[in-house]
Amino acid sequence: MGVRIYGDSISGNCLKVKWTADLMGLSYDWIETSVLTGETRTAAFLAINPAGQVPTVVFADDRVLAQSNAIILHMAEHSPLIPADSFQRAKMFEWLFWEQYSHEPYIAVARFQMRYLGKSVDSLEPKLVERGLAALQRLEDALSDSDFLVADAVSLADVALVAYTRCADEGGFDLGGFTAVRGWIGRVETALNITQSSAQ
């Protein structure tokens, strides 16, 4: 069997794996695996990934890799998406770590609660909104004098962070005041050949 990507199309973490695979020209089978209907908790899926999470990739040799940023790093090895310069590469890692700890837990969680659990923006935990806005401001500041997050070209830092930032409005975050962020989203979407329909 070839490469199999188990992913949920509503998930930015899964989509960034799909985008990276497409950009790398990798051949794969996308296996839609719904979090909402419990498909990640079935015995069959847990036998593949005991953590019960997507994205999960099974390679042609049956090796399994999970965690979105680990997957895209493996897929993009030796490509321009990973800076050759050691310091710029470290800055890319800095953004990847920050994304999982200081961005995704707020932007993505607010989106999930509003879009898929039916909550109103007023019912969101205030700290969730506060920290989400702080994350967006951090991006705005970083992009105020730069087209991309690392050096002058798109990298995995941009791939990872654009996934949920581009649909932050679905979590009640108004991007109207984040001019640099909106411009960056457009540049990264163009570089990755993705459109708004790529996020459900």
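The residues of the chain are indexed from 1 along the displayed sequence.
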Here the gap from Glu189 atom CD to Arg166 atom CZ, rounded to the nearest 0.5 Å, amounts to 4.5 Å
Would you say Arg187's side chain and Phe148's backbone share a donor-acceptor pair under 3.5 angstrom? no
Can you give each donor-acceptor pair under 3.5 Å made by side-chain atoms of residues 22-29, sequence neighbours left out, with the distance rounded to 0.1 Å?
unit_1 : atom_1 : unit_2 : atom_2 : d
Asp22  : OD1    : Tyr28  : OH     : 2.7
Asp22  : OD2    : Lys18  : NZ     : 3.1

According to a 4.5 Å side-chain heavy-atom criterion applied to Ile, Leu, Val, Met, Phe, Trp and Tyr, with indirect links allowed, do Ile10 and Ile31 form part of one hydrophobic cluster?
no
Under 4.5 Å between side-chain heavy atoms, hopping through other hydrophobics if needed: is there a path connecting Val121 to Phe173?
yes
Correct closest heavy-atom pair for Thr20 and Ala76 would be CG2-CB, 4.3 Å
The reported gap from CD1 in Ile5 to CD in Glu32 (rounded to nearest 0.5 angstrom) is 11.5 Å
Under the side chain to side chain contact (heavy atoms under 4.5 Å, CB included) criterion, do Cys14 and Trp30 qualify, and how do the steps go? CA-CA 10 Å; Cys14 294; Trp30 178 271; 4.0 Å; yes
Once you measure the plane-to-plane angle for Tyr116 and Phe112, does it fall in the parallel (<30°), tilted (30-60°) or perpendicular (>60°) bin? tilted
Residues 46-55 side chain polar contacts: donor-acceptor under 3.5 Å, at least two apart:
unit_1 : atom_1 : unit_2 : atom_2 : d
Asn49  : OD1    : Ala51  : N      : 3.0
Asn49  : ND2    : Gln53  : O      : 3.0
Asn49  : ND2    : Thr56  : OG1    : 2.9
Gln53  : OE1    : Gln67  : NE2    : 3.0

Residues Ala110 and Leu124: closest non-hydrogen pair is CB-CD1, 4.0 Å
Next item on the list: Take atom CG of Asp152 as the centre, draw a 6.0 Å sphere, and report whether it contains more than 12 heavy atoms from other residues, nucleotides or ligands.
Entry: no
Subject >> Test: Asp62 and Arg4 ion pair at under 4.0 Å >> reply: yes
Shortest non-hydrogen pair, Met92 vs Pro83, comes out as SD-CD, 3.7 Å
Where the side chain of Thr42 meets the backbone of Phe45, is there a donor-acceptor pair that is under 3.5 Å apart?
yes
Margin query: Please determine whether residues Ile107 and Val35 belong to a single hydrophobic cluster, defined as Ile, Leu, Val, Met, Phe, Trp and Tyr linked transitively by side-chain heavy-atom distances below 4.5 Å.
Written below: no
Q) Are any side-chain N or O atoms of Ser144 and backbone N or O atoms of Asp141, one a donor and one an acceptor, separated by less than 3.5 Å? A) yes
ask   = How about Met114 and Ser120: do any of their side-chain heavy atoms sit closer than 4.5 Å?
value = no
Quiz item: Is a side-chain donor-acceptor pair under 3.5 Å present for Trp184 with Asp158?
Solution: yes
Problem set entry | Lys/Arg-Asp/Glu bridge criterion (N-O < 4.0 Å) met for Lys91, Glu94 | yes
task = Could you tell me whether the side chain of Glu140 and the main chain of Ala180 form a donor-acceptor pair under 3.5 Å?
result = yes
Note: Ile72 and Val17 closest approach over all heavy atoms is CG2-CA, 3.8 Å
Between Phe97 and His103, is the ring centroid distance below 6.0 Å? no
So do the side chains of Val188 and Val159 get within less than 4.5 Å of each other, counting heavy atoms only? no
- Applying the 4.5 Å side-chain criterion to the ILVMFWY set and letting contacts propagate, would Leu156 and Val150 be lumped into a single cluster? yes
TODO: Decide yes or no on side chain to side chain contact (heavy atoms under 4.5 Å, CB included) for Lys127 and Tyr106, but give the supporting numbers first.
DONE: CA-CA 9 Å; Lys127 186 173 290 186; Tyr106 310 113; 5.7 Å; no
Next item on the list: Decide, yes or no, whether a salt bridge links Lys16 with Glu99 under the criterion of side-chain N to carboxylate O below 4.0 Å.
Entry: yes
Heavy-atom closest pair (Gly12 atom, Ala163 atom, distance to 0.1 Å) is O-CB, 3.4 Å
For Leu149 and Ala142 the tightest heavy-atom approach is CD2-CB, 4.3 Å
Fill in: Shared hydrophobic cluster, Met75 / Val58 (ILVMFWY, side-chain heavy atoms < 4.5 Å)
no
- Query: Ignoring hydrogens and geometry, is there a side-chain-to-backbone donor-acceptor pair from Asp8 to Ser11 under 3.5 Å?
  - Reply: no
